[in-house]
Amino acid sequence: MTEINWVALKAAANQAMQKAYVPYSKFPVGAAALTSDGKIVSGCNVENASYGLTLCAECSLVSALAMGSDSGNGPAKLVAFTCVDGHGNVLMPCGRCRQLLYEHSAEGMILETVSGFKTIDEVIPDAFGPRDLEERK
Ligand code: THU
């Protein structure tokens with residue numbers, strides 16, 4: 001199991017947050033995660049004049065995860081995750097983004113949350129996921 005360097009993850013989230021494109025909400029967000037292949041991926045929120053098309057920081061993180069994967073193997077898994085607001089304080093991923101993270105989570109993925117470190121199963125209990133599609137056909 002890769003050692004989790006939360007200080008480095010938080011730094012990467014803060015760095016990503018500085019790149020946020022938030023002309024509408026003025027609410028920058030940065031997210032960073034450690035992957036199962038020992039890399040750090042990060043993302044920022046990117047808004048749109050059609051407000052509902054806003055991409056959360058987690059969306060760009062998941063895209064970075066896919067783009068950083070070795071071709072043919074699919075995306076690596078997310079092992080540890082943190083997300084910060086414009087003040088560098090921990091921010092909870094929104095509901096949609098918990099689902100996004102769940103899809104790519106390693107077993108026992110840990111998230112830094114506003115109420116301490118939690119597993120992915122704690123932040124999205126009884127999640128609907130790829131296994132349901134297989135098992136409930
Ligand atoms: N936002 C994120 O990037 N991630 C979250 O999990 C919560 C919300 C962004 C979306 C929007 O650009 C801004 O925060 C205000 O909602």
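In each ligand, atom 1 is the first atom listed, and ligand 1 is the first ligand listed. All heavy atoms count here, side chains included; hydrogens, waters and symmetry mates do not.
Note on K10 versus E112: salt bridge recorded, some NZ/NE/NH1/NH2 to OD/OE distance being below 4.0 Å.
Inspection of the D37 and T35 side chains reveals an N or O donor paired with an N or O acceptor under 3.5 Å.
Annotation for V22: hydrophobic cluster partners, listed by chain and number, are none (ILVMFWY side-chain heavy atoms under 4.5 Å, direct or chained). Applying the 4.5 Å side-chain rule to ILVMFWY residues, one finds M17 in the same cluster as V84.
Heavy-atom neighbours of E122 CD from other residues, nucleotides or ligands within 6.0 Å: above the threshold of 12.
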Distance dump, ligand 1 polar atoms to protein, N/O, under 3.5 Å:
residue: ligand 1; atom: 3 (O); partner: A57; partner atom: N; Å: 2.8
residue: ligand 1; atom: 4 (N); partner: E58; partner atom: OE1; Å: 2.9
residue: ligand 1; atom: 6 (O); partner: E58; partner atom: OE1; Å: 3.4
residue: ligand 1; atom: 6 (O); partner: E58; partner atom: OE2; Å: 2.9
residue: ligand 1; atom: 6 (O); partner: C94; partner atom: N; Å: 2.8
residue: ligand 1; atom: 12 (O); partner: N45; partner atom: ND2; Å: 2.9
residue: ligand 1; atom: 12 (O); partner: E47; partner atom: OE2; Å: 2.5

Using distance only, find each side-chain donor-acceptor pair of residues 39-56 under 3.5 Å and give its atom names and separation, not counting sequence neighbours.
residue: K39; atom: NZ; partner: G68; partner atom: O; Å: 3.1
residue: N45; atom: OD1; partner: V29; partner atom: N; Å: 2.9
residue: N45; atom: ND2; partner: F27; partner atom: O; Å: 2.9
residue: E47; atom: OE1; partner: Y24; partner atom: N; Å: 3.2
residue: E47; atom: OE1; partner: S25; partner atom: N; Å: 3.0
residue: E47; atom: OE2; partner: S25; partner atom: OG; Å: 2.5
residue: N48; atom: OD1; partner: S50; partner atom: N; Å: 2.8
residue: T54; atom: OG1; partner: Y51; partner atom: O; Å: 2.9

